[in-house]
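See structure below.
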Number of protein chains: 2
Amino acid sequence: MSKQPLPKLEDVARLAGVSTATVSRCLNQPNQVVEATRKRVQKAVDELGYMPNFNARSLAAKRSKIIGAVIPTMENAIFARAIQVFQERLSEEDFDLLVASSSYKKDVEEKQIRSLVSRGVDGLLLIGTQRDRKIYEFLQEREIPFVIAWSFYDKRDEATSGQLVGFNNQKAMASIVQLVIEKGHRKIAMLAGIKDNNDRASSRIEGFKAKMAEHGLMDPCVIECEYDIDKARKAFAGMRQTFGTPTALICANDVLAVGAVLEAQSQGLNVPDDISITGFDDIEIASIISPALTTVHVPHKMLGLHSANTLLANINDARIADDMELKTNIVERYSLAEPKN
Amino acid sequence: MSKQPLPKLEDVARLAGVSTATVSRCLNQPNQVVEATRKRVQKAVDELGYMPNFNARSLAAKRSKIIGAVIPTMENAIFARAIQVFQERLSEEDFDLLVASSSYKKDVEEKQIRSLVSRGVDGLLLIGTQRDRKIYEFLQEREIPFVIAWSFYDKRDEATSGQLVGFNNQKAMASIVQLVIEKGHRKIAMLAGIKDNNDRASSRIEGFKAKMAEHGLMDPCVIECEYDIDKARKAFAGMRQTFGTPTALICANDVLAVGAVLEAQSQGLNVPDDISITGFDDIEIASIISPALTTVHVPHKMLGLHSANTLLANINDARIADDMELKTNIVERYSLAEPKN
DNA sequence: AATGCAAATGTAAGCGCTTACATTGGCGCG
DNA sequence: CGCGCCAATGTAAGCGCTTACATTTGCATT
């Protein structure tokens, strides 16, 4: 059974007795075509089982109805969830989603961005602001709308064109540190994310340090660790050995916090009686682990939704939408308490 | 700053003093071009910052180097993880991934498949076998290679062309039910997934029922429930009210099991002393919740990887790769014990 | 030096659409 | 009844590549 040639626009035109231009209009700007012909064309389309060839369309029309997204990894629930909503929203507007993941690697991300642009994406979703200036220039030169999700800064670095849809990582982290300090903790350490090429991780560390300094707690212990439960366990174990055990451990995200909790418990520590541990993100595991984590709630789905809306606005109106700051809030559960000693 | 026209293949050809065909060959079959010219062309490419237009390429060459995937949802960690690996593998072969999610809806899935085909994808990843026969016909007619992940059956339904890369859901479920029965349980109920348009969910239910019947335990209680912790809690609560409390609850996946555990605990039941609860999938939360779940381990990443390999094989060799059955295994943790009474 | 052949390169016809511009036709109005 | 105008449709020129086929080149043979 060999592939019979698929019907093309021309075949539809012939069958309907109109020109290709009219068929094209029926498909793309139906209101420019009078009802009678539109119906005739529709009939021909149905009869032939015609489906447009999007590559040809993209080539001729110079728009692809494809949005590209480069995220660090889909294994991280926070991105998966946001991407899911992002995609659903785009789908409503007949855009499809080309995804790539960079595994947090700068050069991989750059390659992927270029590849997506080569594919003629109409817009791009990126995570965080930290990347080579030349990439921003590249995108601007080609006039590709893009939004940067997850980060938000009050003052913009000029280099980052594109729209920001995110939250202030530094402030959010500072707020939970503030809470921990208010509970009476002084010996506080941080289990942080890897800050290389990751402005969210850096900002959270800054937020921690700044708030500590504000209370006269200088040079606190900060250990960077990859996003992984087991690595977090080891990192926490190492921290205890090297720096001793803090009364409170601030984690840059819930996965690290879960690792720390698990390790603390297996080392015979009671959370929160012996050590308080806080998370960041408020993903599912935060409320499943026992004790449930006191953590910073991040509106992941909102991030996905607003990123989509902002991007669509920029594509359709060619008018630059505003940056959007989303709010986080602390959800207090049971992993944070006043220090016992 | 208006968009200056991007360099095209012709510009490169002119600058390098060769024909467009040669440039094209340099890019696609470099070994057909002699070293000297190749270098000259490369220089021109670099100088102009030339990037090929993939839409034009796809149109002319009739292959897009894009793979499509339609999954139920990315919010489900099992799919997200598999897709991540799938994408990484494709990326190695310079394929990009167009993803769509169907939210478990049959008609949405169909629409997305058609859209992806319109985009000219070179291959397709689908989840599970259960869909309209006409979709299979559609795909076959157009000779689009596709693999169906997550399901595996010893005997193939003829309608499902495409390759299967999955595991036998029925057998896997039967094996854990067997274990539960061996522990001495007789009053066993199941918290199942929604089986509409979902052969994995159906198979797991069948596996449960068959194994129960094998031990003379007829008409066991089976309640279907959406993939959601809170809904699982309510479903379990409802089950207790209507059918009483089983000594063991088999859940169709870990998310449902976690919901059941949480609800059981909040109703004052001890897991596993008062009730044993088993999961399925072995995702992260299975080992984080306390008690950690005894569950069926599914090799999600393998699923993603082998799906990619199978698909690539079918695309490149135009030779149909074999179906692939992956093995699951039971991981015993602490949520299953012998019944006390 | 003439010959043959394969390897390297060039020529040009599409791939299936969109859209600027040209043409047609219907209708209100003087 | 003829004119002008606008809405509906048609014509045809690309969009930026790939590739079948034609041509040229280089080189080993005789």
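Predicted model only: the values in this text are computed from it and were never measured.
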Atom-to-atom span, CZ of R63(A) to P of dC15(D) - whole angstrom
17 Å
Quick test of your reading: applying side chain to side chain donor-acceptor pair (under 3.5 Å), list the pairs with at least one residue in residues 94-104 of chain A, sequence neighbours left out, ordered by first then second residue.
D96(A)-S115(B), D96(A)-R119(B), S101(A)-Q84(B), S101(A)-Q87(B)
K301(B)/E75(A) salt bridge by N-O under 4.0 Å criterion:
yes
Residue K8(B), side-chain atoms from C-beta onward, closest of dT9(D), dC17(C), dC15(D):
dC15(D)
Could you tell me whether the side chains of D199(B) and Y153(B) share a donor-acceptor contact shorter than 3.5 Å?
yes
Compare side-chain N and O positions of N28(A) against OP1 and OP2 of dT18(C) and report whether any pair is under 4.0 Å apart.
yes
Spacing between D11(A) atom CG and dC15(C) atom C1', to the nearest angstrom
14 Å
In this structure, how many angstroms lie between the C1' atom of dC17(C) and the CE atom of M51(A), rounded?
15 Å
Taking only residues two or more places apart in sequence or in another chain, which ones pass side-chain hydrogen bond (donor to acceptor under 3.5 Å, both in side chains) with E325(B)?
none
Would you say S24(B) and L9(B) make side-chain contact, with heavy atoms under 4.5 Å?
yes
May I ask you to check whether over 12 heavy atoms, not counting those of M302(A), lie within 6.0 Å of atom CE?
no
Could you please name the option among dT11(C), dT11(D), dG16(C) that lies closest to any side-chain atom of L59(A)?
dG16(C)
Tell me, please, which residues at least two apart from K111(A) pass salt bridge (Lys or Arg N to Asp or Glu O under 4.0 Å).
none
For R25(A) and dG16(C), what is the distance between atoms CZ and C1' respectively, to the nearest whole Å?
17 Å
How many whole angstroms separate atom CZ of F54(B) from atom C1' of dC15(C)?
17 Å
Under the salt bridge (Lys or Arg N to Asp or Glu O under 4.0 Å) test, which residues partner D11(A), sequence neighbours left out?
R14(A)
Quantify the bending of the helix from dA1(C)-dT30(D) to dG30(C)-dC1(D) as the angle between its end axes, each fitted on five pairs, to 10°.
40°
Decide whether a cation-pi geometry holds between R133(B) and Y136(B); the criteria are a distance under 6.0 Å from NZ or CZ to the six-membered ring centre and an angle within 45° of the ring axis.
no
Closest to side chain of A60(A), choosing from dT18(C), dT11(C), dC17(D):
dT18(C)
Check this for me: does any side-chain nitrogen of one of R89(A) and E92(A) sit under 4.0 Å from a carboxylate oxygen of the other?
yes
Does T22(A) put a side-chain nitrogen or oxygen below 4.0 Å from OP1 or OP2 of dG10(D)?
yes
Rounded to whole Å, CZ of R119(A) lies from C1' of dC17(D) at a distance of 14 Å
Think K62(A) has a side-chain N or O under 4.0 angstrom from the OP1 or OP2 of dG14(D)?
no
Would you kindly give the CD-to-P distance between E10(A) and dC17(C), to the nearest whole Å?
9 Å
For A61(B), which contact category applies under a 4.0 Å heavy-atom criterion: base, sugar-phosphate, or nothing?
sugar-phosphate
Given dC17(D), dT19(C), dG10(C), which nucleotide is nearest the side-chain atoms of N53(B)?
dC17(D)
Measure the distance from CD on Q29(B) to C1' on dA20(D) and round it to the nearest whole Å.
13 Å
Under 4.0 Å, heavy atom to any atom of DNA chain D: which of residues 32-43 of chain A qualify?
V33(A), V34(A), T37(A)
Does S24(A) have a side-chain nitrogen or oxygen under 4.0 Å from the phosphate oxygens OP1 or OP2 of dT18(C)?
yes
